[in-house]
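Structure first, then comments.
Being a predicted model, the structure only gives us computed values, none of them experimental. Residue numbering restarts at 1 for every chain, and letters A, B, ... go by the order of the sequence lines.
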Amino acid sequence: EPEVTQTPSHQVTQMGQEVILRCVPISNHLYFYWYRQILGQKVEFLVSFYNNEISEKSEIFDDQFSVERPDGSNFTLKIRSTKLEDSAMYFCASSEKWYGYTFGSGTRLTVV
Amino acid sequence: GDSVTQMEGPVTLSEEAFLTINCTYTATGYPSLFWYVQYPGEGLQLLLKATKADDKGSNKGFEATYRKETTSFHLEKGSVQVSDSAVYFCALLRSNDYKLSFGAGTTVTVRA
C-alpha cells in the first residue's frame with residue numbers, strides 16, 4: 001500500500017536554528033498538508049499546498065514557516081528560526097482529492 | 001468554525017469490555033467524519049470514515065455511524081483487546097476546503 005514517508009523520525013535542534021522536515025507524498029496525490037501535534041494536545045492544521053502554491057494556512061503558520069516542493073517528489077516544511085514552542089510532532093499528509101488523506105508517521109521535533 | 005468535540009480520557013478498560021468514545025461536531029454544510037488512531041510511537045492512521053448522514057464506517061471491529069440529527073459520530077467496539085490501546089481522534093473534513101479539524105484525542109488503555 002502506498003505510504004507517505006517522513007524524514008527524519010526525530011530531530012533535535014538548538015533554539016534559533018533552522019530545520020527542514022522532509023516528506024515524500026504518494027506519487028499521484030495532488031494535495032499536500034502539514035499538521036502538528038504538541039505533546040498531549042490536539043492535532044492542528046498548519047498549511048495546505050496544491051498546484052505548487054499554498055492554498056490555505058493557519059495562524060500558526062507565520063513568517064518563520066515555509067513550504068516547498070522542490071523537485072516534484074519531496075514536500076518540505078522549513079522553520080527558519082526555531083523556538084522552544086515549536087517542539088511537536090509534525091505530520092505530513094497527502095491526498096488525491098479533497099478526501100482520503102494519508103498521513104506519514106511523523107517527525108518529532110525537539111527544540112532545546 | 002467547524003469543529004469536533006470528543007470525550008475526554010483517559011479511558012481504561014479490561015480486555016473484552018465494550019468501548020464507546022463520544023464525538024460530536026459543529027459544522028456548516030455537510031462534512032465528512034473520520035476516526036484516526038495513533039498507536040504508541042506511531043503516526044496517525046485512518047481507522048474509519050463516513051461521508052454522509054446515516055453512513056456507518058467500520059474497521060477492525062470498530063464502528064461509527066454519522067448521525068446528522070444528533071451531530072454525532074461515536075466510536076464503538078464490542079470487545080476490546082490489549083492491542084487496541086492507543087489514542088483515538090475524531091476528525092471532520094469540511095466540504096468547502098481540504099482541512100481536517102481534529103478533536104483533542106482520547107487515550108484508551110486496555111488491560112489484560
Go through the steps for A:Tyr35 and B:Phe102 under the test ring pair (Phe, Tyr, Trp, His ring centres under 6.0 Å), then give the verdict.
CA-CA 10 Å; A:Tyr35 285 74; B:Phe102 285 86; 5.8 Å; yes
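- A:Lys42 NZ to B:Ser3 OG: the interatomic distance, rounded to the nearest 0.5 Å, is 7.0 Å.
- Within a 6.0 Å sphere centred on CD of B:Glu69, heavy atoms belonging to other residues, nucleotides or ligands number more than 12.
- B:Leu100 touches chain A through backbone and side chain together, each having a heavy atom under 4.5 Å away.
- Within 6.0 Å of the CD atom in A:Glu3, the count of heavy atoms belonging to other residues, nucleotides or ligands does not exceed 12.
- Atom CD of B:Glu15 is surrounded by more than 12 heavy atoms from other residues, nucleotides or ligands within 6.0 Å.
- Looking at every heavy atom in both residues, A:Phe91 comes nearest to B:Leu44 through CE2-N, 3.8 Å.
- Aromatic ring centres of B:Phe34 and A:Tyr101: separated by at least 6.0 Å.
- With a 6.0 Å radius and a threshold of 12 heavy atoms from other residues, nucleotides or ligands, A:Leu39 has its CG atom at or below the threshold.
- Atoms CD and CE, from B:Glu42 and A:Met89 in turn, are 10.0 Å apart once rounded to the nearest 0.5 Å.
- Of the two parts of A:Gln37, only the side chain, counted from C-beta on, holds a non-hydrogen atom closer than 4.5 Å to a non-hydrogen atom of chain B.
- Once rounded to the nearest 0.5 Å, the distance linking OG of A:Ser105 with CD of B:Gln38 reads 10.5 Å.
- Rounded to the nearest 0.5 angstrom, B:Gln45 CD and A:Thr102 OG1 are separated by 11.0 Å.
- Annotation for B:Glu16: atom CD does not count as buried by contact number, only 12 or fewer foreign heavy atoms lying within 6.0 Å.
- Annotation: B:Tyr39, atom OH; neighbour count of heavy atoms from other residues, nucleotides and ligands within 6.0 Å is above 12.
- Within a 6.0 Å sphere centred on CG of A:Asp71, other residues, nucleotides and ligands contribute more than 12 heavy atoms.
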